[in-house]
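One structure is given here, and the rest of the page talks about it.
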Amino acid sequence: MRIATWNVNSIVARLPRLLGWLESAQPDVLCLQELKTTTDAFPHEEVSALGYEVAAYGLGRWNGVAILSRVGLEDVRRGIVDQPAYEDAVEPRAIGATCRGLRIWSVYVPNGREPGHPHYAYKLRWLEALHATVVAESSQDRPLAVLGDFNIAPTDDDVWDIGAFEGATHVTDAERKALAMLRDAGLSDIVPRALKYDRPYTYWDYRQLAFPKNNGMRIDLVYGDPKFASAVSDAYVDREARKGKGPSDHAPVVVDVTL
DNA sequence: ATGGCAGACCACGTCTGA
């Protein structure tokens, strides 16, 4: 079974590329983030035409997550356990579903903006809620994986130049400790192969020629429980999807599992 | 010292992203 995650930075703007990628990469399950549209406005017909069921969760301009599956889509759940609000709004940042016996979550962790900002505190609270969700769902007798845009670079090697991140989010101890908590809960970081260069970055800023310079970050992560991790046969970042006209600023992460 | 790009909508400026 082929599982993937991709922050598309607007499902509407990315639809032609998404459809083409589904046809070429042939994932069985795809987790999407940053739909930037409502559940109703999701392009259900176009995606269904390729054989995928859709569970989408979007409220409009920002955020929005979805799971696409051609191997079943059951027990859909929108939002995580005690999901915190930001400025009184509970945002569409997580959706879970069961696909052929595999429990999958598509998550879009808050950005944080800058350490000390209320959004940063929100990010850390959100990660605690994600941890609680993982703990709650780990009791089930089925493989579990959390995929998505975590907005955290797990190590200094996961950014092109750690010196450029002084005082910035994505690399702080508190954020990385939240990832460590997920690992303590039994999940493993499924590190993908890079198809070019030595580091498996998944995001490159649109500005400053970041992609051709490979000034990237690995922030789109796959966290799997032991059942999932032991079933992984391959994992890679599809950087080809970052090339050309009208790409997302993120590339898909693809994981093959014998489940 | 800062923006640069891209997308959505509060739409011809503003906000967000990381």
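Residue numbering restarts at 1 for every chain, and letters A, B, ... go by the order of the sequence lines.
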Nearest-Å distance, [atom1] ([X]) to [atom2] ([N])?
X: Trp62(A); N: dC15(B); atom1: CH2; atom2: C1'; answer: 5 Å
X: Arg14(A); N: dA8(B); atom1: CZ; atom2: C1'; answer: 12 Å
X: Tyr122(A); N: dA18(B); atom1: OH; atom2: P; answer: 13 Å
X: Asp249(A); N: dA18(B); atom1: CG; atom2: C1'; answer: 9 Å
X: Lys36(A); N: dC5(B); atom1: NZ; atom2: P; answer: 16 Å
X: Asn9(A); N: dC15(B); atom1: CG; atom2: C1'; answer: 14 Å
X: His117(A); N: dA18(B); atom1: NE2; atom2: C1'; answer: 13 Å
X: Phe42(A); N: dA8(B); atom1: CZ; atom2: P; answer: 14 Å

Which residue pairs pass the salt bridge (charged side-chain N to carboxylate O under 4.0 Å, His left out) test with at least one member in residues 221-237 of chain A, sequence neighbours excluded?
Asp141(A)-Lys227(A), Arg193(A)-Asp234(A)
Kindly state each residue pair satisfying salt bridge (charged side-chain N to carboxylate O under 4.0 Å, His left out) with at least one member in residues 208-219 of chain A, sequence neighbours excluded.
Asp158(A)-Arg218(A), Asp189(A)-Arg218(A)
Closest to the [X] side chain, choosing from [options]:
X: Tyr203(A); options: dG7(B), dA18(B), dG17(B); value: dA18(B)
X: Val12(A); options: dG7(B), dA8(B), dA18(B); value: dA8(B)
X: Tyr206(A); options: dA18(B), dA8(B), dA6(B); value: dA6(B)

Salt bridge or not between Glu128(A) and Arg125(A)? Use side-chain N to carboxylate O under 4.0 Å.
no
Pair [X]-[Y], side-chain donor/acceptor within less than 3.5 Å:
X: Trp126(A); Y: Glu91(A); result: no
X: Asn111(A); Y: Lys123(A); result: no
X: Gln83(A); Y: Arg78(A); result: no
X: Tyr201(A); Y: Arg239(A); result: no

Hey, which sits more toward the 5' end of DNA chain B by its nearest nucleotide, Gly60(A) or Arg113(A)?
Gly60(A)
Closer to the 5' end of DNA chain B via nearest nucleotide, is it Asn63(A) or Arg207(A)?
Arg207(A)
When the [atom1] atoms of [M] and [N] are compared, how many Å lie between them, rounded to an integer?
N: dT16(B); M: dG3(B); atom1: C1'; value: 16 Å
N: dA11(B); M: dA6(B); atom1: C1'; value: 16 Å
N: dG7(B); M: dC12(B); atom1: C1'; value: 15 Å
N: dA18(B); M: dT14(B); atom1: P; value: 22 Å
N: dC10(B); M: dC15(B); atom1: P; value: 13 Å

Report which part of the nucleic acid Thr169(A) touches: base, sugar-phosphate, or nothing (heavy-atom distance under 4.0 Å, all strands).
nothing
Report which part of the nucleic acid Tyr108(A) touches: base, sugar-phosphate, or nothing (heavy-atom distance under 4.0 Å, all strands).
sugar-phosphate
Could you state the interatomic distance from CG (Asn63(A)) to OG1 (Thr37(A)), rounded to the nearest 0.5 Å?
12.5 Å
Between His250(A) and dA18(B), is there a side-chain N or O to OP1/OP2 distance below 4.0 Å?
yes
Interface polar pairs with nucleotides 11-14 of chain B, N/O, under 3.5 angstrom:
residue: dT14(B); atom: O2; partner: Arg61(A); partner atom: NH2; Å: 3.3

Polar pair under 3.5 Å, donor/acceptor by atom type, side chain Asp205(A), base dA18(B):
no
